[in-house]
Amino acid sequence: MVSAILVTIIATMSTWWVSHAITRTWLYPLWSGFLVALAMGEPIVGMKAAAYIQLTYLGWITAGGTMPGNLMVAGVFGTALTILSGADPILAPTFAVPFSLLGILTWQAYMTLNSLWVHKADKYVEAGDLTGVRMMNWIPSGILSFILNGIPAFILVRFGGDYATQALAAIPQYFINAFSTVGALMPALGIAMLLTYIGKKKIIAFFFAGYFMTVYLHLDTMAITVFAAIAGVLVYFFTVDNKKEEA
Amino acid sequence: MDQSIEKQPVKLRKIDLIKHWLGGYSQETCYNYERLQALGTTQAIIPVIKRLYKTKEERAKALKKYMVFFNTEPSFIGTVIPGIAASMEEQAANGVNVTEEDINSLRTGLMGPMAGIGDTVSQGIVYPILAGIACSLALAGNLAGPIMFEIFYKAIMLISGYTMYMIGYKKGKSAILNLLRAGTLNRVTEIFSIVGLMVIGSMAATRVTIVTPIAFTVGEVGVNLQKVLDSLLPSLLPLIAVLAVWKLLVKGKSPTYIIAVLFVVGIVCSLLGILSVPTAG
């Protein structure tokens with residue numbers, strides 16, 4: 001019961017961004033999923049599930065309130081369902097994706113209905129009622145997120161456990177294998193989306209540098225980051241000189 | 001002394017600026033399609049307006065101009081805009097000729113470019129690099145992964161956001177124009193893109209964990225296709241997968257479409273015994 005309530009709060013606040021100083025990272029499956037994992041008392045399994053979901057959405061950019069899929073719902077519900085069903089964490093993205101697609105609808109409902117409170121706030125501004133303006137910013141949107149995200153999360157965690165384990169047990173092993181393969185493929189999407197976003201032609205070779213340094217030299221991500229930073233600094237200073245000469 | 005009649009200048013205090021900057025992090029609390037961050041920015045600037053104006057009517061008038069469509073990146077870089085707005089409000093309250101239109105045209109003029117740079121920095125660089133490293137740690141069962149992600153992300157966000165806000169307040173609009181003109185931001189962005197690219201290159205090799213279980217015999221010799229591929233180029237299949245998805249994206253296919261493709265390809269290839277995940281561990 002306690003864990004269900006905690007997950008309800010996490011689900012609510014991952015969409016209702018009280019303050020980015022707190023909730024900015026709650027958008028991301030890695031952190032919101034990890035919080036769910038802590039709330040449900042399965043930190044390690046849940047963290048791995050969250051990380052697998054995160055990899056799928058690594059390159060997802062949300063700009064201007066549009067989202068290709070609902071990350072917050074994917075992270076919270078995907079991790080919760082993985083823990084509830086006792087499935088292998090690599091299956092987490094397969095669970096998360098349907099939620100994230102449904103989540104597009106709840107996100108659109110949230111963004112649409114929130115417009116109503118802005119009109120209320122217009123009246124408070126007109127009257128010079130500053131407290132009223134502040135209340136309109138926080139309270140109605142919080143209640144709305146609780147209804148759209150919190151309550152479904154509560155139902156899932158409180159009542160979904162038995163169904164989830166039964167459903168997982170009913171899936172034949174070859175399908176579990178197939179879903180694992182899908183899960184293993186999913187990070188390709190996150191990585192490719194990031195490539196389209198930051199991979200300008202003149203620097204794209206660095207992608208392959210990172211790739212082959214890992215494949216042949218077996219460097220881990222931390223080591224790659226160190227070398228990447230060095231490469232970045234070198235490029236920066238060498239291009240400074242060029243620019244100055246041109247000017 | 002007749003100068004004693006002159007109005008005492010109203011100055012913003014440090015605490016007002018800090019409240020305004022921090023309040024900006026609640027700019028997307030009531031995020032909505034109609035005016036996006038309008039209500040959020042209005043609510044954030046309340047401490048500034050309260051300091052500068054004493055009567056209800058003046059405050060209402062000053063706040064009203066913020067209730068218009070506004071959308072930028074509010075956490076890392078875009079904080080420069082409220083910084084500039086605060087300095088302009090201060091000038092206006094002290095009789096300098098700054099009109100409502102001046103303030104709003106500047107804000108709407110900057111919100112696009114700041115969103116562009118800000119989203120690239122926050123969502124295109126800081127987030128994937130940190131999340132990439134953190135995921136590697138997390139999948140190895142290390143709790144430091146997500147915790148490190150949280151701490152570093154927030155530290156970078158708050159330091160960058162505060163610095164940009166204060167630059168905006170102190171230097172006004174000239175600061176940001178200079179910054180844009182010199183192209184410094186673009187070049188720094190490019191450097192971080194290099195780091196980002198190498199990290200995701202590494203992740204392409206380690207995190208897309210597909211192998212092929214195909215094995216057959218040629219005469220007496222058993223051939224394990226994955227071993228052959230590994231001797232050719234280790235992690236060839238993951239690279240092909242990433243490049244294929246990239247190709248689809250460049251062609252303009254939507255992420256949802258690609259997810260559907262990955263589901264179908266993954267399930268079909270697994271059932272046919274063409275692809276699988278490594279069995280070890």
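A note on names: the letters A, B, ... follow the listed sequences, proteins ahead of strands, and every chain is numbered from 1.
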- What are the two closest heavy atoms between A:Asn114 and B:Thr29, and how far apart are they? ND2-O, 4.5 Å

- Message: I want to check something: taking the side chain as every heavy atom from C-beta on, are A:Met222 and B:Leu137 in contact at a cut-off of under 4.5 Å?
- Response: no

- Most heavy-atom pairs under 4.5 angstrom with chain A, which of B:Leu248, B:Asn142, B:Val250? B:Asn142

- By a 4.5 Å heavy-atom criterion (distance strictly below it), what part of A:Ile139 contacts chain B: side chain, backbone, both, or neither? neither

- Note on the structure: d(A:Ser19 OG, B:Glu28 CD) to nearest 0.5 Å is 11.0 Å

- Item | Proximal component of B:Arg207, with respect to chain A [non-hydrogen, under 4.5 Å] | both

- Item | Plane angle bin for B:Tyr153 and A:Tyr28 - parallel if under 30°, tilted between 30 and 60°, otherwise perpendicular | perpendicular

- Query: Does any N or O in the side chain of B:Lys154 come within less than 3.5 Å of the main-chain N or O of A:Ile22, such that one atom is a donor and the other an acceptor?
  - Reply: yes

- Item | Side-chain touch B:Ile267/A:Thr181, heavy atoms, less than 4.5 angstrom | no

- Check: B:Tyr66 and A:Val125 side chains under 4.5 Å, non-hydrogen atoms: no

- Query: Which pair of non-hydrogen atoms, one from B:Leu271 and one from A:Ala178, has the smallest distance, and what is that distance?
  - Reply: CD2-CB, 4.4 Å

- Task: Over all heavy atoms of both residues, which pair between B:Pro255 and A:Leu189 is shortest? Give the atoms and the distance, please.
- Result: O-CD2, 4.2 Å

- Query: Should A:Tyr216 and B:Leu233 count as side-chain neighbours, where that means a heavy-atom distance under 4.5 Å?
  - Reply: yes

- Just wondering, do A:Trp107 and B:Tyr31 contact through their side chains at under 4.5 Å, heavy atoms? yes

- Decide yes or no on side-chain contact (heavy atoms from CB on, under 4.5 Å) for A:Met186 and B:Ile259, but give the supporting numbers first. CA-CA 8 Å; A:Met186 279 299 172; B:Ile259 284 180; 4.0 Å; yes

- How close do A:Ala228 and B:Ile194 get, heavy atom to heavy atom, and via which atoms? O-CG2, 4.4 Å

- Indicate yes or no: at least one non-hydrogen side-chain atom of B:Leu143 is less than 4.5 angstrom from one of A:Ile44. yes

- Message: I'd like to know whether A:Phe34 forms a side-chain contact (heavy atoms from CB on, under 4.5 Å) with B:Ile147, so could you lay out the CA-CA distance, the side-chain angles of the two residues, the decisive distance to 0.1 Å, and finally the verdict.
- Response: CA-CA 9 Å; A:Phe34 180 60; B:Ile147 294 168; 4.1 Å; yes

- Heavy-atom pair of closest approach, residues B:Met157 and A:Ala21: CE-CA, 3.8 Å

- Which bit of A:Ala127 comes within less than 4.5 Å of chain B, counting heavy atoms only: side chain, backbone, both or neither? backbone

- Query: Under a 4.5 Å heavy-atom cut-off, does chain A meet the side chain of B:Lys50, its backbone, both or neither?
  - Reply: side chain

- Message: Please tell me whether A:Trp31 and B:Glu150 have a donor and an acceptor in their side chains that are separated by less than 3.5 angstrom.
- Response: yes

- Note on the structure: Output for pair (B:Ile200 CD1, A:Leu194 CG), nearest 0.5 Å, gives 4.0 Å

- Note on the structure: For A:Asn137 and B:Cys30 the tightest heavy-atom approach is O-CB, 3.3 Å

- Note on the structure: Taken to the nearest 0.5 Å, the spacing of A:Tyr52 OH from B:Thr209 OG1 works out to 5.5 Å

- With the threshold set at 4.0 Å, does a side-chain nitrogen-carboxylate oxygen contact exist between A:Asp122 and B:Arg35? yes

- Pick one of side chain, backbone, both or neither for A:Thr56, based on which atoms fall under 4.5 Å of a heavy atom in chain B. neither

- Task: Name the region of A:Tyr197, side chain, backbone, both or neither, that has any atom closer than 4.5 Å to a heavy atom of chain B.
- Result: side chain

- Side chain, backbone, both or neither: which part of A:Leu101 has an atom under 4.5 Å from a heavy atom of chain B? side chain

- Task: Let me see the working for B:Leu249 and A:Leu195 under side-chain contact (heavy atoms from CB on, under 4.5 Å), right down to the final yes or no.
- Result: CA-CA 10 Å; B:Leu249 284 168; A:Leu195 270 178; over 6 Å; no

- State, yes or no, whether a side-chain contact exists between B:Glu34 and A:Met111 at a heavy-atom distance under 4.5 Å. no

- Message: For the backbone of A:Val18 and the side chain of B:Ser26, can you confirm whether one donor and one acceptor N or O come within less than 3.5 Å of each other?
- Response: yes

- In sequence, state the C-alpha distance, the side-chain angles, and the governing distance for A:Leu27 and B:Tyr127, and then conclude on side-chain contact (heavy atoms from CB on, under 4.5 Å). CA-CA 11 Å; A:Leu27 263 91; B:Tyr127 152 60; over 6 Å; no

- Item | Pairwise side-chain contact, B:Ser276 with A:Asn177, heavy-atom cut-off 4.5 Å (strictly under) | no

